[in-house]
Enquirer: 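This is the structure I want to talk about, given as structure tokens.
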Amino acid sequence: MTGTGMTVTQLRVPEKTNEITCFAALLDPYDLQGVTVTGDALHTRHDHARFLVEAKRAHYAFTVKRNQKNLYERLRTLPWQEATAKFYDRTTGHGRRETRVVQALTVTDLGVDFPYAAQVARVVRHRTDTKTGKQSRETVYVITDLTSRQASPERIATILRAHWVIENRLHFVRDTAFPEDASKIRTGHGPENMTNTRSYPNAHTQLDSLGDRRPPAPTRPHHTNAAPPSANRRGLMNEVDGTCVAKDRSPRN
């Protein structure tokens, strides 16, 4: 998806498989040199990291959840009390106030077994529901090949926010304006055709909002942000223009 909310390309996930098998096929046609590719825990895999760094000369920033039990536990038990690189961020919106604290550690000699890993980050989110006053706390870990010089905690926070553009500008619109999850179209090319149909008015609206600031048509992939399954929650994967995001639809936990 571009920064203006337009879907660039998509790939249908074959039956009896998942997004993992489509990761390389989706990104392979694009020149990703120097691009940071983000991904949810489903894509936090050794082969995906090697593909990005070795084959595409790109960078990665992957979320680590409990599905990677050993890696998650290793990151959880790192000496975070020694982390001096920190970033604080406060936002209000979507019915909540949120404070985020991002800490980063260089993983040299810390025993983190992941290809090309240079840094890990711990993101602690404190949320308060503005209506009920209910408070919650969430801790998320991120692993990346970006060094501390390439990505400060503030930069990592920016990358993580960009990762959710696909959710806010695409899936939320499709799920609410076009009840995509309720669609019964699941055979042949129907899912792809309907996904294209749903994407068009969203992209057109985004272009209209730009007015005279519309960007010129790119002559090559622009790379700013990419992403996940779209039809019926799991059916398709979308490539985003910019920071590429290969993103699953698993819950944020």
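Only a predicted model underlies this, so the values are computations on that prediction, with no experimental measurement involved.
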Enquirer: Roughly how far, to the nearest 0.5 Å, is SG of Cys22 from CG of Leu27?
Expert: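 The SG atom of Cys22 is 10.5 Å from CG of Leu27, to the nearest 0.5 Å.
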
Enquirer: So, using side chain to side chain contact (heavy atoms under 4.5 Å, CB included) as the criterion, who are the partners of Lys131 when residues are at least two apart?
Expert: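 Asp129.
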
Enquirer: Quick one: ring-ring contact (aromatic ring centres under 6.0 Å, His included) partners of Tyr116, sequence neighbours excluded?
Expert: none

Enquirer: Rounded to the nearest 0.5 Å, how far apart are NZ of Lys65 and OH of Tyr72?
Expert: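 Here the interatomic distance stands at 10.5 Å.
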
Enquirer: Can you list the residues that meet the side chain to side chain contact (heavy atoms under 4.5 Å, CB included) rule with Arg149, with sequence neighbours excluded?
Expert: Thr147

Enquirer: Looking at Tyr60 and Leu146, would you say the former's side chain and the latter's main chain have a donor-acceptor pair under 3.5 Å?
Expert: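 Looks like no, no N/O pair under 3.5 Å.
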
Enquirer: Under the ring-ring contact (aromatic ring centres under 6.0 Å, His included) rule, collect the residues that match up with His126, sequence neighbours excluded.
Expert: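 If we apply the ring-ring contact (aromatic ring centres under 6.0 Å, His included) test to His126, skipping adjacent residues, there are no hits.
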
Enquirer: Is the closest side-chain heavy-atom distance between Phe23 and Leu52 below 4.5 Å?
Expert: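 The answer is yes; the side chains approach within 4.5 Å.
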
Enquirer: Could you check, using the six-membered ring where one of them is a Trp, whether Phe62 and His43 have ring centers closer than 6.0 angstrom?
Expert: no

Enquirer: Report the distance from atom CD of Gln119 to atom OG1 of Thr106, rounding to the nearest 0.5 Å.
Expert: 5.0 Å

Enquirer: I need the full list of salt bridge (Lys or Arg N to Asp or Glu O under 4.0 Å) pairs touching residues 101-124, with sequence neighbours left out, sorted by first then second residue.
Expert: none

Enquirer: Could you pull out all residues at least two apart from Arg74 that satisfy side chain to side chain contact (heavy atoms under 4.5 Å, CB included)?
Expert: Thr77, Leu78, Val112

Enquirer: Between atom NE2 of His59 and atom CD of Gln150, what is the distance when rounded to the nearest 0.5 Å?
Expert: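 With rounding to 0.5 Å, NE2 (His59) is 4.5 Å from CD (Gln150).
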
Enquirer: For Asp145 and Ala118, work out which heavy atoms get closest and say how close.
Expert: O-CB, 3.4 Å

Enquirer: Just jot down the side chain to side chain contact (heavy atoms under 4.5 Å, CB included) partners of Thr130, sequence neighbours excluded, or say none.
Expert: Arg97

Enquirer: Any idea which heavy atoms bring Ala104 and Pro153 closest together, and the distance?
Expert: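 Result for this residue pair: CB-CG, 4.0 Å.
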
Enquirer: Going through the checks in order, is the side chain to side chain contact (heavy atoms under 4.5 Å, CB included) test met by Leu160 and Val123?
Expert: CA-CA 10 Å; Leu160 290 177; Val123 183; 3.5 Å; yes

Enquirer: Could you state the interatomic distance from CD1 (Ile143) to OG1 (Thr63), rounded to the nearest 0.5 Å?
Expert: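 The distance works out to 11.0 Å.
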
Enquirer: I need the minimum non-hydrogen distance between Leu32 and Ala58, along with the two atoms involved.
Expert: O-CB, 3.3 Å

Enquirer: Among all residues two or more places apart in sequence or in another chain, which pass the side chain to side chain donor-acceptor pair (under 3.5 Å) test with Thr108?
Expert: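 For Thr108, no residue satisfies side chain to side chain donor-acceptor pair (under 3.5 Å) once neighbours in sequence are set aside.
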
Enquirer: Take Phe114 and His46, measure what ring pair (Phe, Tyr, Trp, His ring centres under 6.0 Å) needs, and give me the verdict at the end.
Expert: CA-CA 6 Å; Phe114 200 80; His46 287 217; 5.0 Å; yes

Enquirer: Would you find a donor on one side and an acceptor on the other, under 3.5 Å apart, between the side chain of Thr128 and the backbone of Gln135?
Expert: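 Between the backbone of Gln135 and the side chain of Thr128 there is no qualifying donor-acceptor contact (under 3.5 Å).
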
Enquirer: Determine whether a donor-acceptor pair (N or O, by modelled atom type, separation under 3.5 Å) exists between the side chain of Asp31 and the backbone of Gln33.
Expert: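 Judged by distance alone, yes, a pair lies under 3.5 Å.
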
Enquirer: Can you tell me how far apart CZ (Arg137) and OG1 (Thr99) are? Round to the nearest 0.5 Å.
Expert: 12.0 Å

Enquirer: Would the distance check show the side chain of Thr158 and the main-chain N or O of Glu154 forming a donor-acceptor pair, the cut-off being under 3.5 Å?
Expert: yes

Enquirer: Under a 4.5 Å side-chain heavy-atom rule over Ile, Leu, Val, Met, Phe, Trp and Tyr, are Val124 and Val140 clustered together?
Expert: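 No, it is not one cluster - the side chains of Val124 and Val140 are not joined through contacts under 4.5 Å.
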
Enquirer: Return all side-chain donor-acceptor pairs below 3.5 angstrom for residues 84-91, not counting sequence neighbours, or 'none' if the list is empty.
Expert:
| from | atom 1 | to | atom 2 | distance (Å) |
| --- | --- | --- | --- | --- |
| Asp89 | OD2 | Arg100 | NH2 | 2.7 |
| Asp89 | OD2 | Arg161 | NH1 | 3.0 |
| Thr91 | OG1 | Arg100 | NH1 | 3.4 |
| Thr91 | OG1 | Arg100 | NH2 | 3.4 |

Enquirer: Hydrophobic cluster membership, with links at side-chain heavy-atom distances under 4.5 Å among I/L/V/M/F/W/Y: are Val101 and Val142 in one?
Expert: no

Enquirer: Using the ring of each side chain (for Trp, its six-membered ring), is Tyr141 parallel, tilted or perpendicular to Trp80, with breaks at 30° and 60°?
Expert: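 Ring orientation, 0 to 90° scale: tilted.
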
Enquirer: Quick one: salt bridge (Lys or Arg N to Asp or Glu O under 4.0 Å) pairs with a partner in residues 48-58, sequence neighbours left out?
Expert: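 For residues 48-58, and leaving out neighbouring residues, there are no salt bridge (Lys or Arg N to Asp or Glu O under 4.0 Å) pairs at all.
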
